[in-house]
Amino acid sequence: MIHVLPSIIDGLLIGFVYGVAAMGLTLIWGVMRVINLGHGATMALGMFCTYFLFSDLALNPYLGMVAVVVLSLLFGFLIYGVALQRVIQSGYLSTLLATFAVNMIIIGIGTAVFTTSPRNIDFSAGSITLGPVILQGTRLLAALAAVVITGALYLFLYFTRPGKAIRAVSDNRAAAELMGIPSSHVLALAFGLGTMLAAVAGGLTSTFFPFTILSGATYQLKSFVICVLGGLGNPLGALVGGLFLGALEGIVPTFMPVSWVPVVEFVLFVLVLVVKPTGLLGAK
Amino acid sequence: MRRLGLGLTYLALVGLFLGFTALPNPALAAEKTVTLGFTASQTGKLNVEAIRQINGLNLWIEQVNKAGGIKLPDGTVLKMAAKFYDDESNKDRVQELYTRLINTDKADFLISPYSSGLADAAAVVAQQNKRIMITAGASSDSTHFKGFSLVYMTYTPASLYLAGAVDLLAKLAPEAKKIAIIHEKDKFSTDSVNGLRKYAEGKGYQVVMFEGYDSGTTDFAPFINKIPAGVDAVMGGGHFADTTTLTRQLYEKKVQTKMIALLVAPPEPKFAELGEACISVVGSSQWEPVAKYSPEAAKAEGVEWFGPTVADFVKEYQAKYGKEEPSYHSAGGYAAGLILQKAIEKAGSIDTEKVKAALDDEDMYTFYGRIKFDTTPKAHGLQLGHQMIIIQWQKDKQGKPEKVAVYPPAAATGQAMVCPVR
Amino acid sequence: MILQVQEVSKRFGGLQALLDVNFELAEGQIMGLIGPNGAGKTTLFNVINGVYPPTEGQVIFRGEKITGLPSYEVARRGLARAHQVVRPLNDLTVRENVMVGACFGRERHSRSSAASLADQALTQVGLIDRADQFALSLNVAQKKRLELARALAARPYLLLLDEVLAGLNPSEIAGMMETIRTIRDQGFTILMIEHIMQAVMSISDQIIVLDYGQLIAGGNPQEVANNPKVIEAYLGDPEMTARLLAE
Amino acid sequence: MNLWRQPGFWPSFLLVFLSGLVVLVLRQDTLRETAFTVLMFIGLASSLNILMGYTGYVNFGHIVFFGLGGYFGFFLVSEMGWPVYLAALGGGVLSSILAYIIGAAVLRLRGAYFALATIGVNEAARAFVSNFEPFGGSTGLYVNFSAYDRYGGAGQALWFTFILLWLVVLAVIVVSYLVKRSRFGLGLSAIREDEDTAMVMGVNAPLDKTKAFLISAFFPGLIGTLYFFKNGNVEPDDAFRFQMSLEILVMVMLGGKGLLLGPIVGAFAYERLRGYLLTSVIFKNLHLATSGLVLLLIVLFVPGGGVGWLRERFPKLRRWLE
């Protein structure tokens, strides 16, 4: 049982990054009632963006993240304007399919341009040995970055005007509109932020895992699980859900084959949805 | 329709044959194009290996045609032509495209796509439509337990892939007892490690960990964390991308063991890009440019030699595709062509039944090693003649990674080393 | 008695929506249910027809306990309802909307007999001309009539009408009142929530008054209108009441 | 009801009937393979339509029944030696039983929550099957080639499988139509439009939507068995491809959900479009992106799908385009 500790720590570190991706998804859901099926593809774009900044411009991946933030925010606005604005009122099926179409377009163009050969950011931040635990520097930094981003998001949502507007719309869309918050701008902003979080999470992941344009799919599914565990529409819940999932991925393999982890994850996902759709944290 | 098409081709061939024998000038031999149909993963997760394989095959086609084609006893000259599609590493596409290759493009012979899973899917279609398929880049034993009679294998079967590594371990570290196996859960890797496990346990080793990961896995931390302390060897892996990542993470996590032996990726030249992480990693290769197969050795064993020598193959390959040395995927692609060429020459025909009989009979040495097929109904087409070469990455004089053949002794170009302290 | 509501209470979290509500409704009558906004009238309807179960108490319909039964079971036993906020099935035609009532109501008609029943009900509410339009295309007054027709087509023993007059103009109200009277004359029992006092007073045989979830009065329109508690809670001004009754 | 007198039934039935017949008459293998794929998607999309179009429950995991039913049917063929038609029936029945169990849990959810849960069900099933040894774990199951002998060799077996698929898809069309025109179907429409109101009107929504789920799940199980039998093997990644689930959904939307003809036209159009893009020189590398663009345009500008648009544009055609 010596390996439990490193396992859990590895899980928690990656959990922070999962959490950031899931926060994006849950923010979009909370404000827009849209399940963004283009989330994974956006993450993959974040990975590529970081990769090219690193390999072509020799930009440190963590500095590169600033560029990723700006670009992905704009990209989010673009998607909202082109694919979502028109159908945002037509119910969840339309928006699901619109985001799925965006996903197909990104993956399609990505495959044609980047091919699907795996890429690797050859960046090492060393590793730290603490007794039986060996921590990879890149994972540690990614977790740190995730905490910083969460903090920044919190400050934004609670202490700025647009942030408060987003929260207001998330809580009650009809009421917020009555009070004159420009809903459509808020929706665009929320989608931009969600996209940004996805791209950043992708960028962070790319510093320690190889990736292709298709890599986002796995993380997108994990994000769904996390959002449901943490309560759909609850950004803080998403972070906690991410940590929970990370820890689960660390603990479960210690007593059953690793390949059973997804079975546990998705069964848990369905159970929580059915029994407590507000999430493990949420009120009944 | 197909029957009709075949019949017509027959009639045409017979007609041509009669026509030309009647003609006084034998120099005007009939020329016929033989279509080789295959799909390749130009996109999808297996494209690196697949493209090498295609390069090998295309080199063979080019050389055959340059040499004037295959001449049949009746004077017909066969020119080779390739017809291929991108299968995107997707099985559905493979089946759809092979059906198309057979029925629409009228392929005479089929070469398999790269990887056991895809080859398996294609083999079903080949057999259903009664076409001969030479599999290259596919080594699942199980493909040949399904009752196919027209599918022939170029590679050493998966179950024997890492057997040499176990033998090497016994030599290198006689006190070693415990092996941990981490493998991709696809057909090929599963067949390999099942064979490995059986072989290792037969030799008295203890398999202390046996875990599979999904194709496309990038995070191996949960697996690496499960490796028990004091393990003597870590074995397994899968295909290039995942095995490379596994190797890197084994290094980053400072896993201490005597030997790391992995599938598929280590023989690849690109594996050297891992730098320090690849040092001492052992892999098994279907073929290496340093291989010592020669017409003389073949003669000593009393087996016929066929095709170019190892040196010629490497030279021609580099001339066509640039500096990079051919890998075993490329060699396998070329060898698949040779297998077919030899059989067609022997059969003196491209008739499926006749070529099949020639293939069943085939026993030869090539630059790629010996080729001989199982002809029992239970495992028809399984490769019996060919042997694996065990390689290891070591540091050369400049400290750069260098690939050394270490086993079997007959093929070795250097001494094997134990995994250094990390 | 066709309907007996016995000591029904309903609590949502900390909110006591209904408390100890008791009343009985005799067959063939029209009973008006009145009370200020938020008094719990629609909640009472929801409890009666099984949208949610009461926290305490019993609902007995035609001698049978229906407390806690799901709403479709209640509907099958012969209790139909027209909603306050119209809820047409938008992508179905008007006729199909009404057929749903006939198919799944008390008599459980087959699709073909439901069609003719639907046409009858549509004729009765004066919507037959629009039978083939999509429900989406109706205006509010027409949608109200559609609600009524749908409930009627179920051939219920008891009709719950939730503010079917709200949002209609005076001539539409007169028409609807006429329709309700004919329905009663055909032998349906009706329990109706209504805000338009003049209408409810003139049409009801009995009236009960709900205030803050409690029943504060009951009786014929005259009695209720003169009940000081009612006047205090709801009507506010006795003179106004007198005027209303005089009209 | 006399099916033969229903104008809304004929176009759909004839379309599928004749296209199958043409393939049988021409007897070309390549054509059969293409037709097999198209028919398969018509069957899958039409069966999804029963739940998604008629009942309004958007199932992202329709493929789970294709996978599980197909796996079970294939298991019956390869391990138990059943003839393929009985095995397919077995696969269908198992799918329905599973739908009953899964439905008991997830049909309590509505809207996007239901959609999300079905994604989870699909992933859980895939992960489970790839660890489930009786089904061959991650490497799946295969039939020995001799299994085709009882149908007169592999070539004949493929034709036989094609005919079975054709019949199954015709059955899907007939059942879809009967459901749509029945009292039960009217109840489903009511549930789709407003479930609470439907219940107040007497529709037993929990039971009816479970029934719709069962029917909708039955056919993918049948089709899955036939498909894997044709392929000769089954593996978890082929059986539970989320992408394929989404494609089926796209087909329903493309043609028009809730209509009998919609999924047929949608499946046909989508498959042919993809086939064209894949073989075209210009679009070969961009086929996915182009399909995505087409989907986006449909969602944004023709939400009723192709057939839905025709119905709106030409009201006179409505009775034919059900």
Side-chain angles (χ1 to χ4, degrees), chain A residues 29 33-35 37-38 41 82-87 90-113 115 214 217-218 220-222 224-225 227-228 232 256-275 277, chain D residues 52 56-58 60-61 102 104-132 137-138 236 242-243 246-247 249-250 252-254 257 277 283-301 303:
Chain A
W29 167 262
R33 300 286 136 167
V34 168
I35 291 177
L37 290 177
V82 172
L84 279 171
Q85 192 158 26
R86 205 186 146 88
V87 288
S90 349
Y92 69 99
L93 182 60
S94 299
T95 54
L96 271 173
L97 288 175
T99 55
F100 177 60
V102 169
N103 174 64
M104 280 168 84
I105 295 171
I106 297 176
I107 301 264
I109 296 178
T111 312
V113 177
T115 74
L214 309 172
T218 321
Q220 179 173 311
L221 283 172
K222 283 190 199 296
F224 285 150
V225 178
C227 289
V228 165
L232 267 166
M256 59 167 83
V258 185
S259 52
W260 281 91
V261 171
V263 184
V264 175
E265 277 175 14
F266 286 107
V267 168
L268 190 68
F269 168 76
V270 175
L271 281 182
V272 171
L273 255 183
V274 171
V275 178
Chain D
M52 173 176 153
Y57 275 72
V58 181
F60 274 77
I102 295 170
V106 299
L107 280 172
R108 290 160 52 185
L109 301 167
R110 295 196 190 169
Y113 287 88
F114 175 80
L116 266 184
T118 56
I119 294 177
V121 167
N122 185 49
E123 291 304 312
R126 189 182 57 77
F128 174 76
V129 168
S130 77
N131 283 299
F132 186 59
S138 61
F242 182 53
Q243 187 77 16
L246 291 173
E247 280 176 349
L249 217 147
V250 169
V252 175
M253 287 300 289
L254 196 63
K257 62 178 193 297
L277 293 176
F283 291 111
K284 194 188 160 312
N285 288 320
L286 285 171
H287 66 93
L288 194 61
T290 316
S291 312
L293 193 63
V294 171
L295 173 63
L296 186 59
L297 293 176
I298 296 261
V299 172
L300 293 182
F301 301 106

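Protein chains get the first letters and strands the later ones, always in sequence-line order, with residue 1 at the start of each.
Heavy-atom distances place the side chain of D:F60, and not its backbone, under 4.5 Å from chain A. With a 4.5 Å cut-off on non-hydrogen atoms, A:L96 touches chain D through its side chain but not through its backbone. A:V228 touches chain D through its side chain: at least one heavy atom from C-beta onward sits under 4.5 Å away, while N, CA, C and O do not. Both the backbone and the side chain of A:I109 have a heavy atom closer than 4.5 Å to some heavy atom of chain D. In this structure, the portions of A:V274 lying under 4.5 Å from any heavy atom of chain D include both its backbone and its side chain. For D:I102, no part lies under 4.5 angstrom from a heavy atom of chain A. A:L271 does not touch chain D: none of its heavy atoms, backbone or side chain, sits under 4.5 Å away.
Applying the ring pair (Phe, Tyr, Trp, His ring centres under 6.0 Å) test between D:Y113 and each of A:F269, A:Y92, A:W29 identifies A:W29 as the sole match.
For the side chain to side chain donor-acceptor pair (under 3.5 Å) condition, the pairs that include at least one residue of residues 258-274 of chain A, sequence neighbours left out, are A:S259-D:N131.
Here A:N103 pairs with A:A41, A:F100, A:I107 under the side chain to side chain contact (heavy atoms under 4.5 Å, CB included) rule; sequence neighbours left out.
Of the residues considered (D:L246, D:L293, D:L249), D:L246 shows the highest number of contacts with chain A, using heavy-atom pairs under 4.5 Å. With chain A as the partner, the residue from D:V106, D:L109, D:L116 showing the most heavy-atom pairs under 4.5 Å is D:L116. Per-residue counts of heavy-atom pairs under 4.5 Å with chain D were compared for A:V225, A:V267, A:L232, A:L268; the largest is that of A:L232.
Between A:R86 and D:F301, some side-chain heavy-atom pair lies under the 4.5 Å cut-off. Residues D:F114 and D:R108 fail the side-chain proximity criterion, which asks for heavy atoms closer than 4.5 Å. At a threshold of 4.5 Å between non-hydrogen side-chain atoms, the residues D:L300 and A:V87 count as touching.
Atom CG of A:L93 is separated from atom NZ of D:K257 by 5.5 Å, given to the nearest 0.5 angstrom.
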